[in-house]
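Model, not experiment: these values are computed from the prediction.
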Amino acid sequence: MISLVIFLLLFGLSLGAEILSNDKPFLARYQDRFFFPMFFTYPETDFGGDFATETDYRDPFFLEQMRKPGNFAIYPPNPHDYQSIDQELSGPFPSPPSRENWLGTDDRGRDVLARLLYGFRLSVLFGLALTVVGTLFGMFMGATQGYFGGRLDLLLQRASEIWGSMPELYLLIIFSSIFQPGALLLLLVLSLFSWMGLADYVRAEFLRGRNLEYVTAAKALGVGNWTIMYRHLLPNGLTPVITFLPFRISSSILALTSLDFLGLGVPPTAPSLGELLAQGKANLDAWWLSLSSFLVVTVTLILLIFIGEALREAFDPRLD
């Protein structure tokens, strides 16, 4: 329960990453006018500039305008976006932690704390999406095999074994060379394989329950097969689905992190925990890159494992 509360708190904070870490101010006041740069786009001319392009709110000219009497700008607690480059640093990149960059910068001058915050959100959302897709399809395949059995079960089992022998990493490399790498492509490819482990457990539950008395009675009353599967067998077969959910989320996050570390994941401009780990490997003297990203990944996986262990104990009939 403690792990669940901590995980939900961290995930909730990451959902508001734009409010916690952004290079655009919440509110700006200039010449008795109020602006909301985080939500709307304003040209430089609104703040006394010469160009009609979007305002750079870290530009020295804008900051100087905000220091004049009657003007002000309220920035988030961490005034950096995940892709904004800190031009004020005088030393080389990556730079160590400082008052301006609490966890330092990466090898391109981007704030590490901002990239960790946005990267954690991307990893969890990707893990949830992959888990939902794989779980739904795995439940459908396992329920179909377990309930109908016979030749259909035999045929789908052999097809699953053949499909499971496909080299997943090679497929990712091939698709990455053909299409533009991104989270959607990774979700599509990984979801093709993520359902197989769960389908076996659901299949076993449906094989065990399809010959029970209440299922036989429902068939005698003329209830349809899909209604029996959904209304009578599925609730009893949800135990392995629920207990494996946190572990599936953690494996999905780890898969995305590993692919990003190898350069097969999201584009380099996107916030990524694996990309920060790769930067730490390439810059061994920049300890803040490896340490911060490693701690985020480790703590996330530990929290999910503790949640999964608690769910497994809660559904274990031997502990009643």
### Message
I'd like to know if Lys219 and Glu213 make a salt bridge, using a cut-off of under 4.0 Å between side-chain N and carboxylate O.
### Response
no
### Message
For Tyr75, give me all partners under ring pair (Phe, Tyr, Trp, His ring centres under 6.0 Å), at least two apart in sequence or on another chain.
### Response
none
### Query
Got a sec, which residues hit side chain to side chain donor-acceptor pair (under 3.5 Å) with Tyr42, two or more places apart in sequence or on another chain?
none
Show me the donor-acceptor pairs within less than 3.5 Å that the side chains of residues 120-128 make with the rest of the protein, sequence neighbours left out.
residue: Arg121; atom: NH1; partner: Leu15; partner atom: O; Å: 3.4
residue: Arg121; atom: NH1; partner: Glu18; partner atom: OE1; Å: 3.0
residue: Arg121; atom: NH1; partner: Glu18; partner atom: OE2; Å: 3.3
residue: Arg121; atom: NH2; partner: Glu18; partner atom: OE2; Å: 2.9
residue: Ser123; atom: OG; partner: Gly119; partner atom: O; Å: 2.9

### Query
Of all residues at least two apart in sequence or in a different chain, which pass the salt bridge (Lys or Arg N to Asp or Glu O under 4.0 Å) check with Arg210?
none
### Summary
Sorted by chain and number, sequence neighbours left out, side chain to side chain donor-acceptor pair (under 3.5 Å) with Glu161 holds for Arg158
### Atom pair CG (Leu152) and CZ (Phe148), whose distance is rounded to the nearest 0.5 Å
7.5 Å
### Query
Are the side chains of Asp23 and Tyr57 in touch, meaning some heavy atoms are under 4.5 Å apart?
no
### same_hphob_cluster(Phe40, Leu27) at 4.5 Å side-chain heavy-atom cutoff
yes
### Query
So, does Arg29 use its side chain to make a donor-acceptor pair with the main chain of Ala73 at under 3.5 Å?
no
#### Entry: Residue pairs fulfilling salt bridge (charged side-chain N to carboxylate O under 4.0 Å, His left out) with at least one residue in residues 36-52, sequence neighbours excluded
none
### Task
Could you check Leu10, Leu20, Val296 and say which one makes a side-chain contact (heavy atoms from CB on, under 4.5 Å) with Leu117?
Leu20
### Task
Report the residues that fulfil side chain to side chain donor-acceptor pair (under 3.5 Å) with Ser95, sequence neighbours left out, ordered by chain and then residue number.
Thr105
### Message
If you compare all heavy atoms of Leu186 against all heavy atoms of Val266, which two are closest, and at what distance to 0.1 Å?
### Response
CD1-N, 4.0 Å
### Query
Which heavy atom of Ser272 sits nearest a heavy atom of Asp260, and at what distance?
OG-OD2, 2.7 Å
### Task
Look at the side chain of Asn71 and the backbone N and O of Gln31, then say whether any donor-acceptor pair between them is shorter than 3.5 Å.
yes
### Task
Please find out if less than 6.0 Å separates the ring center of Trp163 from that of Phe193.
yes
### Query
Looking at side-chain heavy atoms only, is the closest gap between Pro94 and Trp288 below 4.5 Å?
yes
### Summary
Separation between CG (Leu277) and OG (Ser292), nearest 0.5 Å, reads 8.5 Å
### Message
For the backbone of Arg58 and the side chain of Asp56, can you confirm whether one donor and one acceptor N or O come within less than 3.5 Å of each other?
### Response
yes
### Query
Which ILVMFWY residues are connected to Tyr118, directly or by a chain of links, through side-chain heavy atoms under 4.5 Å apart?
Tyr82
### Query
Taking all atoms of both residues into account, what is the closest heavy-atom pair of Phe247 and Glu309, and its distance?
CZ-N, 3.7 Å
### Task
Could you label the plane-to-plane angle of the Phe7 and Phe11 rings as parallel, tilted or perpendicular, counting under 30° as parallel and over 60° as perpendicular?
parallel
### Query
Does Asn225 have any side chain to side chain donor-acceptor pair (under 3.5 Å) partners at least two apart in sequence or in another chain, and if so, which?
Tyr147
### With sequence neighbours excluded, residues passing salt bridge (Lys or Arg N to Asp or Glu O under 4.0 Å) with Glu205
Arg208
### Message
Please check: side-chain N/O of Asn283 versus main-chain N/O of Asp285, any donor-acceptor pairing under 3.5 Å?
### Response
no
## Note on the structure
Looking only at heavy atoms, the pair that brings Trp195 and Ser160 closest together is CH2-OG, 3.6 Å
### Message
How long is the straight-line distance from CG of Leu4 back to CG of Leu9, given to the nearest 0.5 Å?
### Response
11.0 Å
### Task
Please report the shortest heavy-atom distance between Gln65 and Gly48, naming the atom on each side.
NE2-CA, 4.0 Å
### Query
Is there a donor-acceptor contact under 3.5 Å from the side chain of Trp287 to the main chain of Leu284?
no
### Message
Let me confirm one number: the CD1-CG distance from Ile249 to Leu301, rounded to the nearest 0.5 Å.
### Response
11.5 Å
### Message
For a 4.5 angstrom cut-off between non-hydrogen side-chain atoms, does Ser191 reach Phe137?
### Response
no
### Query
Is Leu311 linked to Phe244 within one hydrophobic cluster, defined over Ile, Leu, Val, Met, Phe, Trp and Tyr using a side-chain heavy-atom separation of less than 4.5 Å?
no
### Message
Taking Asp107's backbone N and O only, do any of them form a donor-acceptor pair with Gln279's side chain (distance below 3.5 Å, no angle check)?
### Response
yes
#### Entry: Least distance between heavy atoms, Lys24 atom then Glu54 atom
NZ-OE2, 3.2 Å
### Task
Rounded to the nearest 0.5 Å, what's the gap from CG on Asn22 to CD1 on Ile19? Could you check?
9.5 Å
### Query
Residues two or more places apart in sequence or in another chain: which of them pass salt bridge (Lys or Arg N to Asp or Glu O under 4.0 Å) with Arg33?
none
### Query
Any side-chain heavy atom of Ile253 sitting closer than 4.5 Å to one from Leu304?
yes
### Summary
Exactly one candidate in Val202, Leu245, Ile242 meets side-chain contact (heavy atoms from CB on, under 4.5 Å) with Thr135; the answer is Leu245
### Query
Can you tell if the side chain of Arg67 reaches within under 4.5 Å of the side chain of Phe72, non-hydrogen atoms only?
no
### Message
Among Asn78, Asp111, Asp81, which residue satisfies the side-chain hydrogen bond (donor to acceptor under 3.5 Å, both in side chains) criterion with Ser21?
### Response
Asn78
### Message
Using the rule side-chain contact (heavy atoms from CB on, under 4.5 Å), only one of Val132, Thr131, Leu130 pairs with Arg248; which is it?
### Response
Thr131
### Task
Quick one: do Lys281 and Glu275 satisfy salt bridge (Lys or Arg N to Asp or Glu O under 4.0 Å)? Show the steps, please.
CA-CA 10 Å; Lys281 177 178 176 294; Glu275 192 253 351; over 6 Å; no
### Message
If we ignore hydrogens and angles and just use 3.5 Å, is the side chain of Ser84 paired with the main-chain N or O of His80 as donor and acceptor?
### Response
no
### Task
Could you tell me the separation between the CG atom of Leu295 and the CG atom of Leu103, rounded to the nearest 0.5 Å?
10.0 Å
### Query
Does any pair with a residue in residues 136-153 pass salt bridge (charged side-chain N to carboxylate O under 4.0 Å, His left out), and if so which ones, sequence neighbours excluded?
Asp153-Arg203
### Query
So, do Leu276 and Leu116 sit near enough that their side-chain heavy atoms are less than 4.5 Å apart?
yes
### Message
Apply side chain to side chain contact (heavy atoms under 4.5 Å, CB included) to residues Lys68 and Tyr30 and explain how you reach the verdict.
### Response
CA-CA 9 Å; Lys68 294 181 179 180; Tyr30 179 74; 5.6 Å; no
#### Entry: hydrophobic_cluster_shared for Phe34 and Met38, side chain cutoff 4.5 Å
yes
### Query
So, does Asn236 use its side chain to make a donor-acceptor pair with the main chain of His232 at under 3.5 Å?
yes
